[in-house]
Amino acid sequence: NFLVPSPSLYEELRSTSLLDQHEFQRYCIVIKALFQEIAVVFVPQNYSSTHEDLLLRANQAASRLQATLTPLAEKVKAIEARDGDKHIAEID
């Protein structure tokens, strides 16, 4: 099962990381930027998923694949500008 990293995962990573606070924050922002790029909630095995819901998710995935790509560095800068000095667990 594919899961988007949770705040508890970031806390666990922090406890084992050798990075300083600033480097670790940036590392987590890069992970979040990657998951924002690839994530589309798509759970066909969920009994509450209707045919229309699944079609919507499939269309979202298709449009992402056809969209113009934005470099990851730009996405990271946008998240940093938006969230400033928030603790990594507070960034959505």
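Partners of Leu9 by side-chain contact (heavy atoms from CB on, under 4.5 Å), not counting sequence neighbours, listed by chain and number: Pro5, Ser6, Leu13. For the side-chain hydrogen bond (donor to acceptor under 3.5 Å, both in side chains) test, residues two or more places apart in sequence or in another chain that qualify with Arg26 are Glu80. Applying the side-chain contact (heavy atoms from CB on, under 4.5 Å) rule to Val30 yields the partners Leu34, Leu72, Val76; only residues at least two apart in sequence or on another chain are considered. With sequence neighbours left out, Glu12 forms a side-chain contact (heavy atoms from CB on, under 4.5 Å) with no residue at all.
When all heavy atoms of Phe24 and Tyr10 are compared, the pair lying nearest together is CZ-O, 3.4 Å. In terms of heavy-atom proximity, Glu74 sits nearest to Thr70 at OE1-CG2, 3.5 Å.
Rounding to the nearest 0.5 Å places NZ of Lys75 at 7.5 Å from CG of Leu69.
Test Leu54, Leu55, Asp53 against His51 for side-chain contact (heavy atoms from CB on, under 4.5 Å) and you get one pass: Leu55.
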